[in-house]
Amino acid sequence: MIFQEEISLTPFPRGFHLITDLVTEVIQSSGIQTGTTQVFILHTSASLSINENTDPSVRLDFESHLNELVPENQAYYQHNYEGSDDMPAHIKASLLGTSVHFPVFSGRPRLGTWQGIYLGEHRNDGGVRKLVITVNGA
Amino acid sequence: MIFQEEISLTPFPRGFHLITDLVTEVIQSSGIQTGTTQVFILHTSASLSINENTDPSVRLDFESHLNELVPENQAYYQHNYEGSDDMPAHIKASLLGTSVHFPVFSGRPRLGTWQGIYLGEHRNDGGVRKLVITVNGA
Amino acid sequence: MIFQEEISLTPFPRGFHLITDLVTEVIQSSGIQTGTTQVFILHTSASLSINENTDPSVRLDFESHLNELVPENQAYYQHNYEGSDDMPAHIKASLLGTSVHFPVFSGRPRLGTWQGIYLGEHRNDGGVRKLVITVNGA
């Protein structure tokens, strides 16, 4: 069985944000008990990843370190007409990824105790972001 | 329903290249309307990722910045007998990824307006690269 | 058909380790001939990726370079009460990824000749790591 739904997120400020509960709701509405979920973001300057779900300072450190890894205003950037945060946002999105995937078990995401789903907003003003969630299983 | 096909790509020069159209053709030939696609590259020094599909300078900036993130000739590299571009190519491939995954809807890739599939060729002379495309759905 | 199994790994030292054989055994026990596999790690400071399976120096160079990309003791890290290796381990896990995905063909992983599955242990003493392996196909 395949279940697929598109959802729109309320705009997030630049940084990393937990969206586990939103995704869990969609999975539960599918009725699928065992299988896998694909969460896909329809954008090129925001990312999806899975990491620590409790201490908010982890998400701040992600933002700080990603800004070190992919600084703004590098002399070699040619794509800069959308602002200095744009090209770094594209690169961050590809380093972290455009989708996350995890098992479904007993009708819920089968994540580790400390795992949550991160939406990485890499633009200063990214606006509404859309996800397509596909659950595959029985 | 599962549809699986292996394809060989014409050799690409080092850098990032759009392969969305090639992948779309395979998906359309599967006849699957709703589901997911996995595109997997059978190599360790080329990558797959999803990013901006219009301005070619984005792909040039990816190449420039990945060369900053993973420089050649680091003193600590031990694996260097295949040339100075080899070990960085392995690391770039793992940072960006060996596969991309996205929804299928109405028999086509369900990508965002600005999203395309990038083949990252990280060797100077990578030769023919092979992909396995698996479409799962109904 | 969906097959899902959770396995526990013997603790690994910090660094990169091949786990292809362990994963292949699970896939073969599923009886599935054609489809896809998702391998998911239930932790936030260890990663899964796919890279070169023969020369052990590649895995050492991954460890060396990831330590350059994500150094310990950065002044801006706020999350440091679990030790200096902790926050870098979280970031490395997200850069490399929490899951790998590849085709299954003829009842086996369809990987390239030189590809193997890496468990990246990013903590000094990470202990037992658990994987959930889901095989989807026919």
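Just so we're on the same page: letters track the sequence lines, and every chain starts at 1.
- Of the atoms belonging to C:L111, heavy atoms from both backbone and side chain fall under 4.5 Å from chain B.
- Ranked by heavy-atom pairs shorter than 4.5 Å toward chain B, the options C:S49, C:S64, C:G137 are led by C:S64.
- Annotation: the span from B:S99 atom OG to C:I50 atom CD1 amounts to 6.5 Å, rounded to 0.5 Å.
- For B:E72 and B:R14, the salt-bridge test passes: some basic side-chain N is under 4.0 Å from an acidic carboxylate O.
- Residue contact with chain C, scored on non-hydrogen atoms closer than 4.5 Å, involves the backbone of B:H43 exclusively.
- C:N51 touches chain B through backbone and side chain together, each having a heavy atom under 4.5 Å away.
- Heavy atoms of B:V39 lying under 4.5 Å from chain C are absent altogether.
- Counting heavy-atom pairs under 4.5 Å between each of C:G112, C:P103, C:A138, C:P56 and chain B puts C:P103 at the top.
- Between the C:D86 side chain and the C:N80 main chain, no donor and acceptor come within less than 3.5 Å of each other.
- The part of B:T98 that comes within reach of chain C is its side chain, from C-beta onward, which places non-hydrogen atoms under 4.5 angstrom from that chain.
- Annotation: the span from B:F105 atom CZ to B:R110 atom CZ amounts to 8.0 Å, rounded to 0.5 Å.
- Contacts between C:L60 and chain B at a heavy-atom distance below 4.5 Å involve the side chain alone, from C-beta outward.
- Per-residue heavy-atom pair counts under 4.5 Å with chain C were compared for B:H101, B:M87, B:M1, and the maximum is reached by B:M87.
- B:I133 has its side chain within reach of B:V23: a pair of non-hydrogen atoms, C-beta onward, lies under 4.5 Å apart.
- For the pair C:R59 and C:E52, the salt-bridge criterion is not met [side-chain N within less than 4.0 Å of a carboxylate O].
- Heavy atoms closer than 4.5 Å to chain C are found in the side chain of B:I2, but not in its backbone.
- At a 4.5 Å heavy-atom cutoff, the contact between C:N136 and chain B is made by backbone and side-chain atoms alike.
- Using cut-offs of 30° and 60° for the angle between ring planes, the C:H90 and C:H79 rings count as tilted.
- Aromatic pair B:F12/B:H122: centroids not less than 6.0 angstrom apart.
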